[in-house]
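Below, chains carry the letters A, B, ... as their sequence lines are ordered, and counting in each starts from 1.
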Amino acid sequence: MRTLQTTYDKNREKEIYARWEAAGYFRADATSGKPPYTIVIPPPNITAKLHMGHALNNTIQDILIRFKRMQGFEALWMPGTDHAAIATEVLVIKALAAQGITKEQLGREGFLEKLWEWNELYGGTIISQLKSLGFSCDWERTRFTMDEGLSDAVLEVFVRLYNEGKIYRGERLVNWCVKCGTSISDAEVEHDEREDLIYHFKYAVAGTDEFISFATTRPETMLGDTAVAVAPGDERYAGLVGKFARVPFGDGREIPIIADEYVDPEFGTGVVKITPAHDPNDFEVGVRHNLPRINILHDDGVVNENGGEYAGLTREEARKKITEDMKQRGLFVKTEPLKHSVGGHDRCGTIVEPLMKLQWFVKMEELAKPAIDAYESGKLKFNRERFAKIYMNWLNNIRDWCISRQLWWGHRIPAYYCDCAHITVSKIAPDACEKCGGKNLTQDPDVLDTWFSSALWPFSTLGWPEKTPELEKFYPTDVLVTDRGIIFNWVVRMVFSGEKFMGETPFKDVFIHGTVLDEQGRKMSKSLGNGIDPLEIIEEFGADVLRLMLVSGTALDNDMRFLRERLEPTRNFLNKLWNATRFVIMNAPGAQRMPGASDESGAASESPVSENSAAVEIEDAWILSRCRQVTIETTEKLESHELGHAAQKVVDFIWDEFCDWYVEIIKPRLYATRNAQGDRQSAEAQASSPVQEAKHAAELSRERAQKTMFAVLNAAIKLLHPFTPFITEDLHIALAEAQGKRAETVMLSDWPAFGDEFNNPAAEKQIERVKEVVRGIRAVRTEKQVPPSQKIGVLILPENNETGEIFENLRAAVAQMAGAKEVLILAPGATPPENAVSLVVARATIYFDSLVDAEKEAARVAKERKKLEQEIARIDAKLANEGFLAKAPAALVDAERQKREEFSAMLAKIEGAS
RNA sequence: GGGCGCAUAGCUCAGCUGGGAGAGCGCCUGCCUUACAAGCAGGAUGUCGGAGGUUCAAGUCCUUCUGCGCCCACCA
């Protein structure tokens with residue numbers, strides 16, 4: 001039999017994990033007959049080092065997967081990584097810059113080689129880090145968004161959507177970084193509050209001597225103005241609408257003065273200059289009024305030929321010069337300081353310039369409908385309504401999705417341009433233009449938005465577009481676990497992609513969890529340097545501690561602070577569990593058996609159910625009943641994704657009920673026959689002598705206790721396994737060995753289940769009474785400051801025969817737990833000795849010997865009485881309330897009445913005793 | 001500007017569909033009781049952010065205010 005060290009060794013984790021992996025326990029079989037349960041991992045970027053967010057996110061997933069696996073599901077946790085187009089590209093560019101190399105020097109091919117090298121080097125890092133947390137992904141299936149199969153899925157989707165007319169090329173304003181020479185997504189724009197100037201100018205109104213004045217923070221954009229707008233119905237300008245304003249540059253072109261809802265008449269002068277090519281709002285106005293779009297900038301931010309005399313200046317230079325010129329022409333009004341937020345590129349800080357570009361777009365309106373329907377029909381559920389709101393809000397205001405990125409790292413857009421201006425879109429590079437047959441084709445240089453491939457993740461990883469057994473078995477997946485931050489970037493896109501290409505919502509439940517914050521409640525970020533490295537925590541405490549700490553004591557849907565001090569109580573609990581198991585093993589049947597003795601009665605069965613399953617001892621019935629209840633509740637909480645509560649149920653059960661009470665109660669039974677093991681005799685001999693008979697009965701009682709403690713502890717360990725996989729593995733196996741059995745792994749053991757026959761509310765109630773009495777005695781001891789070494793005498797006057805019997809049976813245990821030298825149980829209704837001082841605790845009256853100080857006891861009784869009187873008064877008030885009687889549920893009223901009766905009975909007892 | 005979240009014991013947080021305020025840590029007292037001092041036993045601690053309202057009953061529902069935080073859109 002294995003002996004356990006005195007404390008759990010966190011360094012065992014590596015070894016345990018290696019064994020699991022080698023044994024293939026994480027593997028999911030697409031051909032099995034078991035029902036599937038699937039989770040796809042939110043693929044970490046290959047740029048990423050494991051951070052606390054990953055730890056929390058994946059702990060949640062692992063808990064669900066391990067739970068379902070034990071429940072008998074074919075559980076697949078699909079892992080992989082994301083190429084993270086721009087994020088990785090920027091990182092590699094930086095790394096190269098350190099060596100003095102630019103991506104242009106390397107050329108596209110050479111640069112991509114570097115990126116694949118990067119992926120080779122760092123892509124696997126995060127995976128191995130995830131393993132150190134014990135995550136049971138099916139690693140053999142690990143995919144990468146840019147591997148062959150997934151790339152094929154990406155091209156397939158692009159071509160299909162293009163052929164359906166859902167992908168188009170159009171001129172749109174994109175966030176453009178003039179430094180990086182690329183468009184960037186809204187998500188990559190960081191807004192910073194800064195002090196700036198707002199410039200007031202005026203344009204002459206053509207054909208009048210009037211002027212119309214307006215304000216702008218970007219004077220250079222006047223070069224691209226194609227209208228001046230006022231609010232419809234703004235009386236100040238009513239006469240001007242329809243007239244023209246003169247832009248005082250070049251040949252002084254005239255632009256229309258229009259009325260548009262976009263203008264807020266309250267703001268500034270109530271006039272807005274419209275530059276459709278350089279402002280998103282103006283762009284929209286331009287579309288409504290059919291205005292021309294004048295692009296005035298080159299890609300590097302230098303004014304182009306449309307800027308006339310200003311061509312060649314940078315945007316900053318042009319701003320200065322234009323302001324000067326306006327002053328000279330008397331069209332300058334004033335400048336004012338303005339605090340406003342300006343968008344910058346999150347990678348390089350350069351101020352984002354809205355620029356018109358030919359970009360590829362996905363038409364969203366039609367695609368969004370099934371995604372909206374998925375939620376409305378209930379096919380897709382969110383763990384909290386408020387997250388569904390975010391999802392729906394985004395979908396209801398959906399805009400076309402710009403999918404082209406001016407990068408090299410990513411899936412290159414499969415569009416080939418011919419001299420004839422025709423675009424051939426094809427998965428494989430075509431030999432010739434499909435229209436004119438021209439051979440001179442060039443592929444679009446851009447790559448796709450990184451979310452384009454992530455959108456397909458739930459089915460591309462399972463082999464789509466091939467019809468694979470995996471796809472058949474594991475799609476749709478069961479739950480998606482992710483952070484609030486990517487509901488629209490990712491969740492929305494997966495849903496409409498799944499609907500579109502699989503005809504099914506990719507997952508049934510969306511589990512959005514909060515962010516892990518630092519100790520002061522700030523977001524962990526690189527720039528603040530306040531991140532806490534999960535690997536460091538694992539190093540110090542072990543993965544089990546980190547995992548359990550992350551999910552307990554929080555509702556998970558809100559942000560949570562990461563407090564180091566919360567790790568210790570968690571570690572302490574695992575240590576408690578470890579030692580409880582040591583205790584159970586030390587008191588295993590074999591542990592005291594002499595060599596050569598029969599082991600027939602030794603090994604407890606796996607199931608707590610034995611042939612004669614009715615527990616004889618009330619405490620066994622109690623703990624089994626409680627264990628059954630905790631199993632049911634934990635299972636329910638796991639099913640409803642209330643992981644913190646599930647964990648709490650098990651932890652409390654193990655610590656408060658199993659360790660603090662059950663183990664203490666059965667100690668006398670375990671020890672009673674400890675020294676009598678050697679002279680075990682034949683059944684006949686046992687029966688022949690009363691002494692032997694008693695000994696035999698005690699032995700049987702000990703065996704029942706052993707059986708029960710093994711069964712209950714093992715069940716609890718299994719319930720805890722999804723949360724703390726490592727320690728439970730060692731303990732489960734050790735428990736089995738202590739019973740002379742072999743256990744392969746807890747991972748694949750059956751999830752605990754207890755039949756109704758274990759339900760025993762009566763036993764639960766009775767043990768509650770025993771606990772109350774023991775607590776009462778302890779409290780009095782403390783109050784009297786009786787040293788633990790000093791044993792006292794206790795008399796218990798039970799309220800009835802049944803309770804009396806229980807106390808009689810548990811006399812030794814009560815004595816031990818209460819530090820009594822002797823516990824005498826009186827017959828119900830008996831008269832206690834006159835010199836005994838009594839204390840009423842719940843359902844029994846306790847009498848102490850002379851140690852009890854009558855005066856203090858009287859004070860205590862008075863306090864107790866006051867409390868009871870208050871309770872009774874409260875209930876009386878309630879019962880006197882007609883509204884309560886009329887409208888409250890009958891069961892509640894009855895309960896109150898019953899309580900009143902109990903309290904007054906207790907009060908009467910106190911009064912009778914004093 | 002729009003949307004959302006949080007405010008409960010000194011600290012960090014649980015409290016689901018409204019029916020007698022909870023946990024852990026910390027604190028006080030006593031214990032190295034042969035599984036565990038990372039432990040055991042006992043104890044103190046809250047006008048549940050303020051103000052209204054609905055209800056027989058509100059930490060829980062509604063309105064409003066205050067203080068933090070997040071997301072989206074950003075205003076010429």
Side-chain angles (χ1 to χ4, degrees), chain A residues 4 6-8 186 191 198-200 214-218 221 229 262-264 267-275 279-282 338 340-343 384 386-387 389-390 393-394 397 484-485 487-488 514-515 517 519 521-523 549 552-555 557-563 565-566 568-587 637 640 642 644-645 648 651-652 659-660 663-664 667 671 774-775 778-783 785-789 816-819 871 874-875 878 881-889 891-893 895-896 899:
Chain A
L4 296 176
T6 47
T7 54
Y8 178 60
D186 290 347
H191 290 274
I198 182 162
Y199 300 76
H200 293 256
F214 53 88
T216 180
T217 51
R218 295 185 297 158
T221 61
Y262 160 64
V263 181
D264 174 5
F267 190 92
T269 58
V271 180
V272 184
K273 66 183 215 51
I274 301 298
T275 322
D279 181 281
N281 288 313
D282 294 7
L338 178 75
H340 68 158
S341 67
V342 176
R384 290 287 183 276
R386 61 175 194 271
F387 299 133
K389 270 195 214 164
I390 297 176
N393 191 42
W394 173 268
N397 299 297
R484 169 172 355 107
I487 291 179
F488 9 82
T515 309
L517 307 172
E519 310 225 346
R522 300 171 307 178
K523 243 182 175 164
M549 174 273 195
S552 48
T554 139
D557 56 313
N558 280 321
D559 293 351
M560 55 168 291
R561 294 184 195 201
F562 187 94
L563 296 177
E565 63 174 25
R566 284 188 48 215
E568 281 183 33
T570 309
R571 176 201 56 188
N572 293 353
F573 165 71
L574 292 184
N575 187 240
K576 183 80 180 174
L577 173 64
W578 181 263
N579 280 296
T581 308
R582 278 180 67 217
F583 174 86
V584 166
I585 288 173
M586 284 164 67
N587 290 284
K637 294 293 178 192
S640 60
E642 294 172 84
H645 292 137
Q648 208 55 51
V651 169
D652 288 347
C659 293
D660 288 349
V663 164
E664 295 305 321
K667 272 181 181 172
Y671 298 153
V774 170
R775 280 199 203 103
R778 284 169 174 170
V780 171
R781 288 185 59 108
T782 300
E783 193 178 312
Q785 299 187 335
V786 180
S789 52
Q816 169 126 351
M817 290 189 286
E871 288 299 322
R874 187 187 59 78
I875 295 174
K878 216 165 186 179
N881 182 333
E882 283 172 29
F884 176 72
L885 294 176
K887 299 192 179 172
L892 184 69
V893 178
E896 293 286 349
K899 268 187 247 169

Check salt bridge (Lys or Arg N to Asp or Glu O under 4.0 Å) between [X] and all other residues, then give those that pass, not counting sequence neighbours.
X        : answer
A:Glu896 : A:Lys878, A:Lys899
A:Arg218 : A:Asp279, A:Glu353
A:Glu565 : none
A:Arg384 : A:Asp557

Taking side chain to side chain contact (heavy atoms under 4.5 Å, CB included) as the test, write out the residues that go with [X], two or more places apart.
X        : result
A:Ala229 : A:Ile258, A:Val263, A:Ile274
A:Phe488 : A:Ile390, A:Trp394, A:Val492
A:Asn393 : A:Asn397
A:Lys523 : A:Thr515, A:Leu517

Considering only atom [atom1], compute the distance from [N] to [M] and round it to an integer number of Å.
N      : M      : atom1 : answer
B:rU17 : B:rU12 : P     : 25 Å
B:rA23 : B:rG19 : C1'   : 22 Å
B:rA51 : B:rU66 : C1'   : 11 Å

Might you list the N or O atoms of the protein lying below 3.5 Å from N or O atoms in nucleotides 54-56 of chain B, with each pair's distance?
residue	atom	partner	partner atom	Å
B:rC56	OP1	A:Lys887	NZ	2.2
B:rC56	O2'	A:Asn881	ND2	2.5

Name the pairs: protein N/O against N/O of nucleotides 29-32 of chain B, kept only if under 3.5 Å.
none

Watson-Crick or G-U stems involving RNA chain B, each at least 3 pairs long, distances under 3.5 Å, ordered by first number: B:1-7 with B:66-72, B:10-13 with B:22-25, B:27-31 with B:39-43, B:49-53 with B:61-65
For nucleotides 11-18 of chain B, give me every protein contact, N/O to N/O, under 3.5 Å, one pair per line with atom names.
residue	atom	partner	partner atom	Å
B:rC13	O2'	A:Gly553	O	2.3
B:rA14	O2'	A:His645	NE2	3.0

Listed nucleotide nearest any side-chain atom of A:Asn572, set B:rC75, B:rC4, B:rG39: B:rG39
